[in-house]
Amino acid sequence: MANHLHQRDLPEGVDLGPVVAIDCETMGLHPHRDRLCLVQLSGGDGHAHLVQVAVGQTEAPNLSRLLTDTSILKLFHYGRFDIAVLHNTFGALAAPVYCTKIASRLVRTYTDRHGLRNLVQDLLGSDLSKQQQSSDWGTPELSRAQIDYAASDVLHLHRLRDMLDGMLAREGRGDLAQACFDFLPTRARLDLAGWPETDIFAHS
Ligand code: MN
């Protein structure tokens with residue numbers, strides 16, 4: 001397994017295939033306040049590409065092209081946040097998307113353990129480290145531990161999707177999941193536009 005660290009954008013010509021797992025590391029959980037620091041991508045082959053984002057950077061043309069390429073499925077865990085952050089930073093709205101957290105909520109109704117580490121443990125039987133989760137992702141020199149941690153967040157999503165798709169099909173909820181994935185970019189836009197907590201479908 002090799003992890004490739006790139007500055008500011010994916011290199012020209014990198015082809016990650018038709019399904020790309022994506023995760024973001026930021027300075028915090030408020031998309032308008034906390035800047036994007038790192039974008040991790042994997043084509044599901046055990047390799048991760050990490051793109052370091054500079055302070056004030058607003059463009060990453062190769063990455064943005066991938067995000068908006070309708071022939072490439074973007075695979076997230078809790079995509080709602082990452083899609084919002086990527087859109088806020090680069091102006092590119094990711095679509096089509098898949099979210100392993102939504103899939104898990106729709107089909108693993110016997111548990112409330114829907115975190116990435118829970119899914120990796122329960123469905124794939126391996127343990128993911130939580131160690132660097134709250135580290136300083138804004139540092140210009142990422143440590144080996146940070147790089148490995150960040151990469152591990154995208155290296156399991158393809159296999160998780162396979163497992164979850166099997167369960168969704170078994171329970172007859174595949175089309176419901178798809179409809180949720182189709183709406184997810186819009187949900188992210190609502191977060192950015194000022195309705196982060198409001199359920200716009202609620203009566204009151
Ligand atoms: Mn992460």
Side-chain angles (χ1 to χ4, degrees), residues 1-10 16 19-55 57 60 63 66-67 73-90 92 94 97-105 113-124 126-161 163-164 181 184-185 187-188 191-192 196:
M1 168 181 91
N3 302 322
H4 311 273
L5 186 60
H6 310 292
Q7 298 303 315
R8 290 179 164 255
D9 200 357
L10 272 178
L16 298 175
V19 183
V20 178
I22 303 179
D23 185 46
C24 295
E25 304 301 338
T26 64
M27 289 302 290
L29 296 177
H30 299 272
H32 292 294
R33 183 192 68 185
D34 303 324
R35 73 176 181 92
L36 175 62
C37 302
L38 191 69
V39 184
Q40 309 98 280
L41 305 101
S42 176
D45 58 356
H47 297 261
H49 289 261
L50 278 57
V51 177
Q52 239 186 328
V53 180
V55 176
Q57 182 180 339
L63 176 59
L66 185 153
L67 291 174
L73 180 66
K74 272 69 66 173
L75 191 47
F76 295 94
H77 183 79
Y78 196 56
R80 179 174 167 179
F81 178 75
D82 299 274
I83 293 165
V85 167
L86 288 163
H87 183 58
N88 196 46
T89 306
F90 301 125
V97 300
Y98 184 106
C99 177
T100 50
K101 187 163 202 153
I102 291 173
S104 178
R105 281 192 193 282
R113 290 165 40 94
H114 302 292
L116 178 60
R117 268 140 206 86
N118 300 140
L119 292 186
V120 168
Q121 194 173 57
D122 295 354
L123 298 180
L124 306 178
S126 40
D127 281 311
L128 270 188
S129 158
K130 228 180 170 162
Q131 244 169 19
Q132 301 294 321
Q133 198 168 44
S134 50
S135 69
D136 175 13
W137 293 104
T139 180
E141 296 286 340
L142 293 170
S143 70
R144 189 73 244 168
Q146 283 180 306
I147 290 171
D148 290 344
Y149 169 86
S152 73
D153 276 355
V154 288
L155 294 178
H156 305 279
L157 294 180
H158 287 75
R159 277 192 299 152
L160 287 178
R161 176 183 170 230
M163 303 274 299
L164 290 163
F181 302 150
L184 190 54
R187 180 60 264 191
D191 286 341
L192 291 172

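As the structure lists them, so they are numbered: ligands from 1, and atoms in each ligand from 1.
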So which heavy atom on Leu10 is nearest to which on Val51, and how close?
N-CG2, 3.9 Å

Minimum-distance atom from the Mn ion (ligand 1) among N, O or S atoms of Asp153
OD2

Distance alone, cut at 3.5 Å: any donor-acceptor contact between the side chains of Gln146 and Glu25?
no

Short side-chain to backbone donor-acceptor contact, Gln121 and Asn118, under 3.5 Å:
no

Contact check, side chains of Leu66 and Lys74, non-hydrogen atoms, under 4.5 Å:
yes

Looking only at N, O or S atoms in Glu25, which is nearest to the Mn ion (ligand 1)?
OE2

Restricting to N, O or S, what is the name of the atom of Asp23 that lies nearest the Mn ion (ligand 1)?
OD2

